[in-house]
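Right, one structure below, let's go through it.
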Amino acid sequence: MGTGALMGACAIAGGALFNVSAVSQTPRAPAKAPSSTAEAVRLVTQGKQVFRFDDFGDNAFWSGALQLDKAIEGSAHGGVGAGISPKTALSLGLKVDSDALPKPVLSALKAGKVDLNSPATTLALIKLDAVVGVKGHFSKSGAMSSIGLTCAVCHSTVNNSVAPGVGQRLDGRPNRDLNVGAIVSAAPNLKPVTDLLGVDAATVKKVLAAWGPGKFDAELFLDGKGFRPDGKSAATLIPPAYGLAGVNLHTYTGWGSIPYWNAFVAVLEMHGQGNFTDARLDDATKFPVAAKNKMGHTRVKGDQVRSKLPALQAYQLSLKAPKPANGTFNATAAKRGKAVFDGKGRCSSCHMPPTFSEPGQNMHTPAEICTDDFQSSRSPDGEYRTTPLGGLGTRTKGGYYHDGRYQSLGQVVQHYNSCMNLNLSASERSDVVEYLKSL
């Protein structure tokens with residue numbers, strides 16, 4: 001397109017040079033600049049495509065290094081082992097986008113006429129871009145040459161309108177069914193991971209198995225810590241990617257803004273082809289793995305990440321927190337709970353509406369919130385972020401807090417009731433829970 005535009009410009013210029021006359025020309029009005037609204041729409045539209053379908057070249061890692069594509073194909077299709085059927089993929093928490101399926105396929109699926117036990121069906125679904133967050137690359141002959149992963153694999157799910165795990169996309173919602181550890185463990189070649197961490201395959205698989213559905217450990221490749229001091233997994237819950245407009249820092253322990261974290265994940269976690277800079281990762285005491293491998297100064301030829309960060313940020317900021325369905329909370333109790341939340345409970349002193357986080361610096365020390373410092377100590381600043389509460393009532397799987405340590409909102413409210421010496425009665429705590437479910 002750029003070459004064509006240049007040639008067109010040269011042709012126009014040439015014509016002007018060979019048709020010089022004394023006749024004055026009426027000057028053309030300058031080209032109208034695109035409106036800010038049009039530019040915003042363009043960025044969000046582009047970002048949606050990036051979020052859903054761009055693997056940033058990480059297929060070089062997931063296929064070229066780990067050979068995950070071979071495990072998916074199975075020996076019958078040029079890979080290894082039995083292959084991954086749709087039934088197995090769904091059991092691992094992967095989702096299928098029903099809008100990507102042709103009508104005959106969708107009808108056959110609803111009628112139970114699609115073979116969900118065949119890896120060939122999985123390959124067909126990947127080719128249709130129907131497996132949420134999995135990007136297939138295919139040769140001219142139609143054979144799958146590699147697969148990559150996109151943002152949507154962790155931060156999207158479906159509404160189950162067709163079947164469990166099959167439906168329309170719900171971008172921004174954390175996939176709390178996704179068993180990332182089990183998926184990585186299925187890769188035929190874990191040597192790139194064992195070499196990076198300096199441990200054997202058995203140790204890596206033990207760490208990955210401990211994650212369970214809906215969890216991921218973004219710091220594992222930085223500090224090599226697979227477990228907390230109490231022996232439980234060091235993984236944290238996959239966070240939502242919605243409701244972040246107006247919120248300063250965007251992960252449980254800060255780190256940085258949306259474009260920072262998108263670059264961090266795309267390059268250091270998804271292993272996409274991109275440049276990344278963060279001198280904080282040079283700290284060999286806190287981040288021994290990252291420092292040894294110079295991750296804070298990652299450089300590649302042919303960056304496939306950086307140019308997409310503006311659009312990706314725009315799309316994520318457009319994702320509003322979902323509202324809970326009618327009947328999922330007691331509206332009368334929620335109204336009373338709001339009064340406690342804003343008053344005696346002092347909750348809104350940090351969780352300020354409408355973002356339900358704090359404007360400006362939204363970080364707190366572990367002591368301020370009466371919790372341990374294990375996860376915060378794995379971050380550069382050693383603090384925890386005030387988590388935005390929008391959509392809280394829609395993400396009930398996996399528990400609450402950064403690592404899911406509390407199984408109910410009632411336990412979370414009681415934690416702060418005790419920590420802050422609030423002296424809330426049982427009924428007041430119950431009302432606050434209903435209010436939280438209504439957000």
Side-chain angles (χ1 to χ4, degrees), residues 45 48-49 51-55 68-69 71-74 76-79 81-138 142-144 147-180 182-183 186 212-214 238 240-242 315 319-320 322-328 391 393-398:
T45 302
K48 182 178 182 179
Q49 289 296 111
F51 184 90
R52 291 184 171 186
F53 304 116
D54 202 314
D55 62 17
L68 190 57
D69 57 318
I72 294 171
E73 291 172 320
H77 301 279
I84 303 295
S85 69
K87 184 177 181 179
T88 299
L90 290 169
S91 73
L92 292 170
L94 289 165
K95 307 296 182 182
V96 175
D97 176 10
S98 59
D99 288 341
L101 302 177
K103 288 184 178 180
V105 175
L106 190 58
S107 298
L109 182 63
K110 291 179 178 178
K113 295 181 180 179
V114 174
D115 187 358
L116 298 180
N117 293 305
S118 171
T121 305
T122 302
L123 295 176
L125 291 171
I126 292 175
K127 194 168 187 178
L128 289 168
D129 275 334
V131 182
V132 175
V134 177
K135 179 62 181 179
H137 298 266
F138 293 83
M144 190 169 75
I147 61 103
L149 300 180
T150 78
C151 303
V153 73
C154 286
H155 300 290
S156 289
T157 184
V158 297
N159 63 5
N160 302 321
S161 58
V162 176
V166 184
Q168 295 170 314
R169 289 177 184 253
L170 298 173
D171 284 349
R173 300 201 189 190
N175 186 351
R176 296 284 171 82
D177 297 317
L178 188 69
N179 197 327
V180 181
I183 292 171
I238 295 172
Y242 58 63
Y315 181 56
L319 297 174
K320 295 183 178 180
K323 294 296 184 182
N326 291 332
T328 58
T394 66
R395 53 180 195 266
T396 58
K397 286 185 178 179

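Given the structure is predicted, the values throughout are model-derived calculations rather than measurements.
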Quick one: pull up [atom1] in [X] and [atom2] in [Y] and give me the separation to the nearest 0.5 Å.
| X | Y | atom1 | atom2 | result |
| --- | --- | --- | --- | --- |
| Ile72 | Ile147 | CD1 | CD1 | 4.5 Å |
| Ile183 | Leu68 | CD1 | CG | 8.0 Å |
| Ile84 | Leu94 | CD1 | CG | 9.0 Å |
| Thr122 | Leu116 | OG1 | CG | 8.5 Å |

Looking only at atom types and distance, does a side-chain atom of [X] sit under 3.5 Å from a main-chain N or O of [Y], one as donor and one as acceptor?
| X | Y | answer |
| --- | --- | --- |
| Arg176 | Pro213 | no |
| Asn175 | His155 | no |
| Ser91 | Thr88 | yes |
| Asn159 | Gln168 | yes |

**Request:** Considering only NZ, NE, NH1 and NH2 on the basic side and carboxylate oxygens on the acidic side, decide whether Asp99 and Arg169 come within less than 4.0 Å.
**Result:** no
**Closest approach of Gly165 to Asn160 (non-hydrogen atoms, all atoms of both residues)** = N-OD1, 2.8 Å
**Prompt:** Which atom pair, heavy atoms only, marks the closest approach of Thr121 to Asp115?
**Reply:** OG1-O, 2.7 Å
**Asn326, CG: over 12 other non-hydrogen atoms inside 6.0 angstrom** = no
**Request:** Apply side chain to side chain contact (heavy atoms under 4.5 Å, CB included) to the pair Val134 and Leu125, showing each step before the final yes or no.
**Result:** CA-CA 10 Å; Val134 177; Leu125 291 171; over 6 Å; no
**Message:** Among Lys95, Arg52, Lys320, Lys48, exactly one meets salt bridge (Lys or Arg N to Asp or Glu O under 4.0 Å) together with Asp171. Which residue is that?
**Reply:** Arg52
